[in-house]
Amino acid sequence: MSTVAPTVKLSGIARTLIQEKLLTEEEATAIQTKANAANTPFLTHLIASKKLSAASVAASSAKAFGFPYFNLDAYNIDYLPSKKIDSQLMLSHRVLALQARSNVLFVAISDPTNLHALDSVQFQMGMALSPVIVEDDKLGRLIDKVIEASDTSMKSLHTDDEFDLGEDVGQTVEEEAQAQEVDDAPVVKFLNKILIDAINMGASDLHFEPYEKFYRIRYRVDGMLREITQPPLAIKEKLASRIKIISSLDISEKRIPQDGRMKLVLSKTRTIDFRVSTLPLIHGEKIVMRILDPSSATLGIEALGYEPIQKERLLNAVSRPYGLVLVTGPTGSGKTVSLYTCLNILNNPGVNISTAEDPCEIPLPGINQVNVNDKQGLTFAAALKSFLRQDPDIIMIGEIRDLETADMAIKAASTGHMVLSTLHTNDAPSTLTRLLNMGVAPFNIASAVSLITAQRLARRLCKSCKVPIDVPKDALLGVGFREEDFNASWQLYGAKEGGCEMCNDGYKGRVGIYQVMPITDEISRIIMTNGNAHDIKDQAEREGVNDLRRSGILKVMQGLTSIEEVEACTNE
């Protein structure tokens, strides 16, 4: 029985190019099929395939439809009309407003057969349209540039008259709540811009800080706090109320701290969660928002910065059917991302994974996640006790804080479960003594703990502007370099003063520095004989485990970060 291949519906521009004899029907059909499969426009796929150049397509389209042909290389982005087409409309329909004259809007478009795009723009802008044909690849680049400029330009926003909101003197809680039922457009606009800018800059946290004479907003970018703007002091109450409303917090409660959560939908495929914390200060409420990007949990272990031997040790430990794997480090050192990365590796239909977190930062499909709530009695220990009755294979505990949780985690690890958790300690060896100080028996630690990894995050040197530097050998030896290091070929780099347009003061992004210590028989014997952290550290070094400083120096030798960064985050 023969089957008939489904007919591919050609786009208008594809049919036009066939009529102009620039493409055969077979070529157009093949490109249209691939474009449909990749969910990309026909023109974009055509130009990427190099069958035709963007310039030849634009020239042919202009001639066929009688529209003017314009070279976007000659266009200055500063001359864009003040009333812009919606960003989502620009991206989805590949159309850009170039100039407004009277009631006519000149729009750049690469596919003049896309009448739906023109209708949508005309409906949104309320103006007559005059299409201008441009090259598709240049149009795409300019649209990206326009959206990026629109998202990141907020310096002048707080000086606009519309943000002169005035003081709410003597306003009651009831009146304030009623006032907030109607969105305050300037505040909504300002907050949305602050959030989008933070995401575009790669910030991890936002700080809204009220003081007696001023109000400031800071971002934490690559681990460093940077002041972004100082909006009018009068905006602080309205901004705090707006954040509380969208985070499902009580806007009338300003005397005690509150914790909440909000979500920002960027597109159909990307949503960013924010963890919100309020803290009453003497001049108002400080609000800190942690950006929780789900894409960070799916980076893969290769992107985290483990050395090959460290990655091998970690994967060997988490792939065992049982045991306790601990990730340690201070707040903001990337422990959660490391744990989620391990869970993603282990997550498959054949295992039952349960997590207890405070709070659940990133939703992971296929994993049973529980929000710890101490006020309601749902502690880490209570959640873990319930997990053990739910037939688990893998358990993740957000943090081991007390003896009860530690005992239950070790019990679970000793009875056929893989357990992952975190502790706040300085390095891997001191984690074992911390468990001893909690009251966990040495025998239980030695038999249950499989591996401990300590970690820090150092700022990564900007690839575009990092500069080679020379440092005297004696100084390098004082930092922690070894004599054998100088037998190899490598180059030291430092941050360029002031950085470049691609980075922040010479740094862009962060790289992990790790100490990955498996619990071997020798280390177990030291634990059993009540050895201290120094004894464990010495034995680990004999077994080839690099401490944090040594791991940082290897990153310096690879040109990934600077000596100053390693010294700052692995201060011994």
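Only this structure's heavy atoms are used, side chains among them; waters, hydrogens and symmetry mates stay out.
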Distance-only, no hydrogens or angles: does the [X] side chain make a donor-acceptor pair with backbone N or O of [Y] under 3.5 Å?
{"X": "Asp222", "Y": "Gly509", "answer": "yes"}
{"X": "Lys138", "Y": "Asn71", "answer": "no"}
{"X": "Ser421", "Y": "Gly398", "answer": "no"}
{"X": "Arg261", "Y": "Val276", "answer": "no"}
{"X": "Gln99", "Y": "Leu105", "answer": "no"}
{"X": "Glu312", "Y": "Glu307", "answer": "no"}

So how far is it from [X] [atom1] to [Y] [atom2], rounded to the nearest 0.5 Å?
{"X": "Gln515", "Y": "Thr431", "atom1": "CD", "atom2": "OG1", "result": "8.5 Å"}
{"X": "Ile553", "Y": "Phe481", "atom1": "CD1", "atom2": "CZ", "result": "5.5 Å"}
{"X": "Asn487", "Y": "Arg482", "atom1": "CG", "atom2": "CZ", "result": "13.0 Å"}
{"X": "Gln539", "Y": "Met517", "atom1": "CD", "atom2": "CE", "result": "10.0 Å"}
{"X": "Thr278", "Y": "Leu249", "atom1": "OG1", "atom2": "CG", "result": "6.0 Å"}

I want to check something: taking the side chain as every heavy atom from C-beta on, are [X] and [Y] in contact at a cut-off of under 4.5 Å?
{"X": "Val57", "Y": "Leu43", "result": "yes"}
{"X": "Val566", "Y": "Thr561", "result": "yes"}
{"X": "Lys286", "Y": "Pro210", "result": "yes"}
{"X": "Asn192", "Y": "Ile194", "result": "no"}
{"X": "Phe486", "Y": "Leu477", "result": "yes"}
{"X": "Lys508", "Y": "Lys463", "result": "no"}

Atom [atom1] of [X] with >12 non-hydrogen neighbours under 6.0 angstrom:
{"X": "Glu484", "atom1": "CD", "result": "yes"}
{"X": "Asn426", "atom1": "CG", "result": "no"}
{"X": "Asp470", "atom1": "CG", "result": "no"}

Open item on the list: Between Arg313 and Thr453, does the side-chain contact (heavy atoms from CB on, under 4.5 Å) criterion hold? Intermediate values first, please.
Closed with: CA-CA 10 Å; Arg313 288 168 175 165; Thr453 173; over 6 Å; no
Open item on the list: Please determine whether salt bridge (Lys or Arg N to Asp or Glu O under 4.0 Å) holds for the pair Glu483 and Lys473, giving the CA-CA distance in whole Å, both sets of side-chain angles, and the decisive distance to 0.1 Å.
Closed with: CA-CA 9 Å; Glu483 283 288 348; Lys473 180 178 178 180; 3.1 Å; yes
TODO: Please assess Leu264 against Thr271 for the test side-chain contact (heavy atoms from CB on, under 4.5 Å), listing each intermediate value before the final yes or no.
DONE: CA-CA 6 Å; Leu264 182 65; Thr271 301; over 6 Å; no
- [ ] For the residue pair Tyr306 and Tyr514, categorise the inter-ring angle as parallel (less than 30°), tilted (30 to 60°) or perpendicular (more than 60°).
- [x] parallel
TODO: Evaluate the criterion salt bridge (Lys or Arg N to Asp or Glu O under 4.0 Å) for residue pair Arg550 and Asp485; output intermediate values, then yes/no.
DONE: CA-CA 11 Å; Arg550 180 61 187 168; Asp485 294 337; 2.8 Å; yes
Open item on the list: Does His207 form a side-chain contact (heavy atoms from CB on, under 4.5 Å) with Ile217? I'd like the steps, not just the answer.
Closed with: CA-CA 6 Å; His207 293 241; Ile217 298 174; over 6 Å; no
Task: Taking every non-hydrogen atom, the tightest pair across Thr425 and Ser430 - done: CB-OG, 3.9 Å
Determine whether the side chains of [X] and [Y] contain a donor N or O and an acceptor N or O closer than 3.5 Å.
{"X": "Gln230", "Y": "Glu209", "result": "no"}
{"X": "Thr341", "Y": "Asn344", "result": "no"}
{"X": "Glu135", "Y": "Tyr69", "result": "yes"}
{"X": "Glu357", "Y": "Gln369", "result": "yes"}
{"X": "Gln258", "Y": "Ser247", "result": "no"}

Open item on the list: Could you go through Lys254 and Glu285, starting from their C-alpha distance and side-chain angles, then the distance that decides it, and tell me whether this counts as salt bridge (Lys or Arg N to Asp or Glu O under 4.0 Å)?
Closed with: CA-CA 7 Å; Lys254 302 179 181 180; Glu285 286 181 285; 5.6 Å; no
Task: Option from Arg290, Arg275, Met289 for which side-chain contact (heavy atoms from CB on, under 4.5 Å) with Asp205 holds - done: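 The side-chain contact (heavy atoms from CB on, under 4.5 Å) with Asp205 is passed solely by Arg290 among Arg290, Arg275, Met289.
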TODO: Going by the side-chain contact (heavy atoms from CB on, under 4.5 Å) test, name the single residue among Thr422, Asp427, Ile452 that passes it with Thr328.
DONE: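 Only match with Thr328 under side-chain contact (heavy atoms from CB on, under 4.5 Å): Ile452.
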Open item on the list: Before you tell me yes or no, could you show the steps for Arg401 and Asp358 under salt bridge (Lys or Arg N to Asp or Glu O under 4.0 Å), namely the whole-Å CA-CA distance, both residues' side-chain angles and the distance that decides it to 0.1 Å?
Closed with: CA-CA 12 Å; Arg401 297 175 178 171; Asp358 184 20; 2.9 Å; yes
Open item on the list: Between Ser204 and Tyr219, is the side chain to side chain donor-acceptor pair (under 3.5 Å) condition met? List the steps.
Closed with: CA-CA 7 Å; Ser204 60; Tyr219 294 166; over 6 Å; no
